[in-house]
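For reference, the structure discussed in these notes is given below.
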Amino acid sequence: MAHFVKPSHLLLFVFFLSSLESILATRREGEGEALVKWKNSLAPSSFLDSWSLTNLDNLCNWTGITCNSAGSVTEINLFGKKLDGRLSEFGFTSFPNLNNLTLADNFFLGPIPPAIENLTQLQYLDLSFNYLDGPIPFQNLFKGSIPLDIRNLKLLESINLGSNQLVGPLSMLISNLTNLKMVGLSDNRFFGKIPSDFLKNLPSLHVIDLSNNNLSGNIPREYNVHPILEYINLSGNHLTGLLLPQYILFSFCMLH
Ligand SMILES: *[C@@H]1O[C@H](CO)[C@@H](O)[C@H](O)[C@H]1NC(C)=O
Ligand SMILES: *[C@@H]1O[C@H](CO)[C@@H](O)[C@H](O)[C@H]1NC(C)=O
Ligand SMILES: *[C@@H]1O[C@H](CO)[C@@H](O)[C@H](O)[C@H]1NC(C)=O
Ligand SMILES: *[C@@H]1O[C@H](CO)[C@@H](O)[C@H](O)[C@H]1NC(C)=O
Ligand SMILES: *[C@@H]1O[C@H](CO)[C@@H](O)[C@H](O)[C@H]1NC(C)=O
Ligand SMILES: *[C@@H]1O[C@H](CO)[C@@H](O)[C@H](O)[C@H]1NC(C)=O
């Protein structure tokens, strides 16, 4: 039996489809434009030739870019491309679905902008082997003005900021990022004591590398009782104290 769709419904449906399409197109365009804006702030690189406003339709095929099935950017991977510039023009608010940002092994310099907190879907962040300086901006997440369930990096599982020139105390830096499994902060200039509750709110932590910084004081007792920590490297600091022997079986603790 023939089934007739009321014309008004059909119209509504067509309208729905076309607005969906324009929403998707707007999103693509917003993401592509943000990438081009950032590209234009960097030293010219042929690696980014496909990143162009005349090529927005191919955003998901731009070098280093991966999208989801809706055409929204989920991964930016620019590992080791000799890119030179700052993160200040990076459109941190423009990528609602970005879960993997890998900018390791380039010549990025300057601070990590606090706006990075707007990457709400970020799970994997690798900014290691660059020339980034200043403090880690994540303290700003914990000032209380921002509702905890939005606008923060709580999905973050892996963060590697190793081999930069970051400074500052570690206090509260990454506490309460409860999904963190891997933390790499080696070869920077973090100083001061390791707060005793530093690991308390990181129940998922497997790996933490704080080697080659300027940390001092006692190794917090919590390091001995953390349930699943497998690897900890504190060498190249000015720390005192020891990890418990059974713990060392599963970890690598080297002092001085
Ligand atoms: C993606 O770009 C490559 C070259 O960079 C090209 O060979 C390929 O056809 C493009 N794929 C699509 C789907 O546009
Ligand atoms: C993130 O991207 C990098 C570079 O492509 C890759 O090595 C890494 O496995 C990715 N991580 C996840 C969790 O997808
Ligand atoms: C995050 O994005 C919002 C909206 O664009 C903006 O108002 C806020 O300042 C951003 N956060 C930071 C820390 O810049
Ligand atoms: C971090 O976690 C601790 C312990 O659960 C809690 O007391 C504190 O309020 C949390 N901080 C923020 C900013 O949510
Ligand atoms: C190490 O930290 C101390 C303060 O705790 C500071 O006085 C000293 O200059 C730092 N050294 C380096 C090499 O950053
Ligand atoms: C600990 O870190 C130091 C300095 O980064 C490195 O040389 C050493 O190999 C690391 N130790 C282990 C057991 O991974």
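In each ligand, atom 1 is the first atom listed, and ligand 1 is the first ligand listed. Sequential numbering from 1 along the given sequence is applied to the chain's residues.
When the options L83, D105, T102 are evaluated for a side-chain contact (heavy atoms from CB on, under 4.5 Å) with L78, the one that passes is L83. Between L119 and the choices L155, L98, L156, T93, the side-chain contact (heavy atoms from CB on, under 4.5 Å) rule is met once, by L98. Of the candidates L215, N218, I219, L215 is the only one forming a side-chain contact (heavy atoms from CB on, under 4.5 Å) with I194.
Residue N214 places at least one N or O, backbone or side chain, under 3.5 Å from an N or O of ligand 5. For ligand 6, the polar-atom distance check finds an N/O of N233 within less than 3.5 Å of one of the ligand's N/O atoms.
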Check ligand 2 against the protein and report each N/O to N/O distance under 3.5 Å, formatted as atom name, atom name, distance.
| unit_1 | atom_1 | unit_2 | atom_2 | d |
| --- | --- | --- | --- | --- |
| ligand 2 | 2 (O) | E75 | OE2 | 3.4 |
| ligand 2 | 2 (O) | N100 | OD1 | 3.2 |
| ligand 2 | 2 (O) | N100 | ND2 | 2.4 |
| ligand 2 | 5 (O) | E75 | OE2 | 3.2 |
| ligand 2 | 5 (O) | N77 | ND2 | 2.9 |
| ligand 2 | 11 (N) | N100 | ND2 | 2.9 |
| ligand 2 | 14 (O) | N100 | ND2 | 3.3 |

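Under the 4.5 Å side-chain contact rule for hydrophobic residues, F107 and L48 do not share a cluster.
Checking N212 against D187 by side-chain atom types alone, a donor-acceptor pair falls below 3.5 Å.
Using the six-membered ring where Trp is involved, F90 and W38 have ring planes that are perpendicular, over 60° apart on the 30 and 60° scheme.
With a 4.0 Å heavy-atom cut-off, ligand 6 is reached by the side chain of S211 but not by its N, CA, C or O.
Within 6.0 Å of the OH atom in Y131, the count of heavy atoms belonging to other residues, nucleotides or ligands does not exceed 12.
The side-chain hydrogen bond (donor to acceptor under 3.5 Å, both in side chains) check on K37 picks up E89, with sequence neighbours excluded.
Close contacts of ligand 6 with S235, meaning ligand atoms under 4.0 Å from a residue heavy atom, involve 1 (C), 2 (O), 3 (C), 4 (C).
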